[in-house]
Amino acid sequence: MRHYLDFEKPIAELEGKIEELRRMSAPDGINIADEVARLIDKSAHQLRATYSKLTAWQKTQVARHPDRPKAKNYIAGLITEFSPLAGDRAFADDAAILGGLGRFRGRSVVVLGTEKGSDTESRVAHNFGMARPEGYRKARRLIELAGRFGLPVLTFVDTPGAYPGIEAEARGQAEAIARSIEACLEAPVPVIATIIGEGGSGGAIALAAGDAVLMLEHAIYSVISPEGCASILWRDAAQASTAAEALRLTAQDLRRLKLIDQIVAEPLGGAHRDSKQAIDAVGAAVQTALAPLLSLDAASLKAKRRDKFLAMGRGSLS
Amino acid sequence: MSWLNEVIRPKIRSLFARRDVPDNLWHQCPACQQMIFHRDLEVALKICTHCGHHMRANTSERLAWTLDDGFNLIELPKVPADPLRFRDSKRYSDRLKQARDATRMDDALTVAHGSIDGQRAVVAVMAFEFMGGSMGAAVGEGIVAAGRLAVLQDAPLIIFTASGGARMQEGSVSLMQMPRSVIATRMVKDACLPYIVVMTDPTTGGVTASFAMLGDIHLAEPGALIGFAGARVIEQTVREKLPEGFQRAEYLHEHGIIDAVVKRTDMKAALARFISLLRIKEAA
């Protein structure tokens with residue numbers, strides 16, 4: 001069963017009708033085929049129309065779509081010989097951040113991904129993609145390992161944010177995030193970050209201070225969730241859609257503000273309608289972003305990365 | 001009309017009328033509710049003379065308490081105000097203007113250079129009174145400027161933090177100040193200069209999760225609230241009561257996140273001592 005979002009209702013109805021007609025084995029099959037073709041055309045048209053002008057809040061829902069490919073799907077689709085590595089060597093392994101070695105297009109790389117999980121059981125196991133300090137410390141350890149062996153780092157970011165918990169604070173959540181950002185910035189190897197779904201605040205930037213930051217067409221990236229922002233600034237979480245608009249959290253807004261480097265187009269109707277196509281598109285974009293960085297030595301790579309971030313925020317929308 | 005109205009009332013009125021003296025002569029301690037005479041409070045560096053509570057201080061007080069006489073403020077680079085053209089119940093540009101009028105500051109960060117007990121230093125101070133000390137492009141740019149100035153002057157960098165976190169009204173632009181401020185701290189470290197963070201009440205969110213937690217030395221004022229997530233958010237997530245003293249300076253010290261809790265009256269001496277202990281090059 002396909003999961004439809006609220007605003008996809010007209011599409012759901014059309015696709016439901018198509019399914020119904022297909023199941024019917026009427027004697028005048030030719031007429032049905034025509035009707036099905038007409039409806040398919042109509043629903044594709046509807047899908048295109050809807051997805052070409054998604055609001056920020058609709059994109060937020062698409063970015064959080066339960067069927068949207070998750071970090072583990074990107075790793076499975078793009079990385080061969082993936083060999084998970086675990087733990088921060090101090091406290092625990094954090095299942096909210098996947099990490100390990102593998103090959104991307106034949107090249108040995110370090111991979112990191114915040115993993116939300118895709119059903120109730122795995123969501124709980126991955127803590128809904130909300131990492132604890134040990135997760136960010138694992139990330140830092142693996143980025144440093146990548147640096148020592150000259151391996152590029154690929155990250156796939158999909159997180160509501162860092163986990164807000166008592167233990168997380170006691171173990172230095174803020175310090176762990178700060179060090180992870182620092183590790184990205186200091187890496188003597190290329191760091192390519194892709195925001196595949198939800199780029200939630202500090203928990204996202206911890207893995208996304210890279211040479212190239214890619215963002216899927218309907219992904220979001222924000223300093224605070226629209227719900228959180230609404231409850232603080234509007235004192236009403238129900239104003240989330242208004243807040244989403246105001247926060248300028250879409251890939252298109254971030255590109256316009258020059259805070260990300262590239263937008264990766266999604267299949268028609270969103271990545272959840274064709275995971276393979278979405279994953280392939282990300283693979284191609286990562287390869288294109290990585291290629292020119294491979295010839296740079298550590299010092300120029302770092303300098304270029306610093307300059308990129310230092311130049312940010314001097315522009316504005318208008 | 002009785003004689004009461006004519007004689008006693010005016011007298012009573014005149015008693016109350018004497019209250020036209022500024023009502024900030026006496027301050028109430030937010031911790032113990034006791035009243036403290038303003039001059040006593042000034043002499044005590046805004047520490048409650050009854051309970052020792054460290055009250056919030058403003059930027060000029062911080063600078064005066066930390067730097068020797070004759071320090072200079074630097075002009076910080078201008079950044080685009082309101083990059084998102086943000087508006088909630090009010091326009092962000094109006095909120096900014098209001099904050100500027102109320103504080104007579106441009107934004108929530110001030111950078112000065114001078115000396116601490118004779119040793120030169122760059123000191124950056126965050127102003128909680130300016131939109132909760134939130135970090136937007138101006139604060140981030142200021143931290144970068146402070147880092148650059150420290151390198152240029154071959155001086156240690158000291159940052160007094162006080163912040164509610166990111167400035168939501170600048171959206172992702174404010175988020176990007178996290179890596180930008182981290183770069184500033186690296187510039188100072190690359191030059192082998194000490195970077196000391198003094199966390200004051202409150203230091204939370206994106207500020208804590210970036211430059212504030214990357215000091216060579218972390219000091220904090222007694223009782224200061226320091227953390228990543230807000231107490232309310234944590235309570236809603238974990239659905240249990242937060243432990244006593246949670247996210248306070250002493251708690252962080254106990255958990256190994258800060259080096260020492262230092263009383264305000266001892267802070268300048270502590271900074272001077274750490275700088276001189278770390279800067280063997282300069283002493284030689």
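Lettering of chains follows the sequences in order, A, B, ..., and the numbering in each one begins at 1.
- The distance from the CD1 atom of B:Ile257 to the CD atom of A:Gln173 is 10.0 Å, given to the nearest 0.5 Å.
- Shortest non-hydrogen contact noted between B:Ser210 and A:Ala178 is O-CB, 3.3 Å.
- With respect to chain B, the highest number of heavy-atom pairs below 4.5 Å among A:Ala209, A:Gly165, A:Gly161 belongs to A:Gly165.
- Rounding to the nearest 0.5 Å places CD1 of B:Ile234 at 4.0 Å from CD of A:Glu169.
- Around the CD atom of B:Gln236, the shell of radius 6.0 Å holds more than 12 heavy atoms that belong to other residues, nucleotides or ligands.
- Residue A:Ile260 does not touch chain B at all, counting heavy-atom pairs closer than 4.5 Å.
- No part of A:Tyr136 comes within reach of chain B, as not one of its non-hydrogen atoms sits under 4.5 angstrom from that chain.
- Proximity to chain B involves both the backbone and the side chain of A:Leu233, based on heavy atoms less than 4.5 angstrom apart.
- The part of A:Ile205 that comes within reach of chain B is its side chain, from C-beta onward, which places non-hydrogen atoms under 4.5 angstrom from that chain.
- For A:Glu186, the part sitting under 4.5 Å from any heavy atom of chain B is the side chain, from C-beta outward, and nothing else.
- Note that CG of A:Leu185 and OG1 of B:Thr185 are 9.0 Å apart. Values are rounded to the nearest 0.5 Å.
- Summarising the geometry of A:Glu182 relative to B:Leu214, their closest heavy-atom pair is OE1-CD2, 3.8 Å, with the distance given to 0.1 Å.
- For chain B, the nearby parts of A:Ala246 are the backbone and the side chain; heavy atoms of each come within less than 4.5 Å.
- Rounding to the nearest 0.5 Å gives a distance of 5.0 Å between CG of B:Leu242 and CD1 of A:Ile166.
- Between B:Arg85 atom CZ and A:Arg248 atom CZ the span is 5.5 Å, to the nearest 0.5 Å.
- In this structure, A:Leu257 CG and B:Met176 CE are separated by 9.5 Å, a value rounded to the nearest 0.5 Å.
- Ranked by heavy-atom pairs under 4.5 Å with chain A, the first of B:Ala209, B:Gly256, B:Ala229 is B:Ala209.
- In this structure, the portions of B:Arg186 lying under 4.5 Å from any heavy atom of chain A include both its backbone and its side chain.
- Contacts between A:Arg179 and chain B at a heavy-atom distance below 4.5 Å involve backbone atoms as well as side-chain atoms.
- Nearest heavy atom pair, residue B:Ala166 against residue A:Val223, reads CB-CG2, 3.3 Å.
- Closest approach of A:Tyr163 to B:Thr237, counting heavy atoms only: CE1-CG2, 3.7 Å.
- In this structure, the portion of A:Ser222 lying under 4.5 Å from any heavy atom of chain B is its backbone and not its side chain.
- With hydrogens and angles disregarded, a donor-acceptor distance shorter than 3.5 Å links the side chain of B:Ser172 to the backbone of A:Tyr221.
- Atom NZ of B:Lys189 sits in a crowded spot, with more than 12 heavy atoms from other residues, nucleotides or ligands closer than 6.0 Å.
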(request) Evaluate side chain to side chain contact (heavy atoms under 4.5 Å, CB included) for B:Phe211 paired with A:Ile181, printing each intermediate quantity in order. (result) CA-CA 10 Å; B:Phe211 64 92; A:Ile181 297 173; over 6 Å; no
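- Heavy-atom pairs under 4.5 Å with chain A were tallied for B:Val144, B:Asp88, B:Thr208; the largest tally goes to B:Asp88.
- Residue B:Glu141 touches chain A through its side chain alone, counting heavy-atom pairs closer than 4.5 Å.
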(message) side chain to side chain contact (heavy atoms under 4.5 Å, CB included) for B:Val173 and A:Leu259? Distances and angles first, verdict last.
(response) CA-CA 7 Å; B:Val173 173; A:Leu259 304 179; 4.0 Å; yes
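- Of the residues considered (A:Ile177, A:Leu247, A:Leu310), A:Leu310 shows the highest number of contacts with chain B, using heavy-atom pairs under 4.5 Å.
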(request) Evaluate salt bridge (charged side-chain N to carboxylate O under 4.0 Å, His left out) for B:Asp190 paired with A:Arg306, printing each intermediate quantity in order. (result) CA-CA 13 Å; B:Asp190 288 352; A:Arg306 275 191 187 185; 2.9 Å; yes
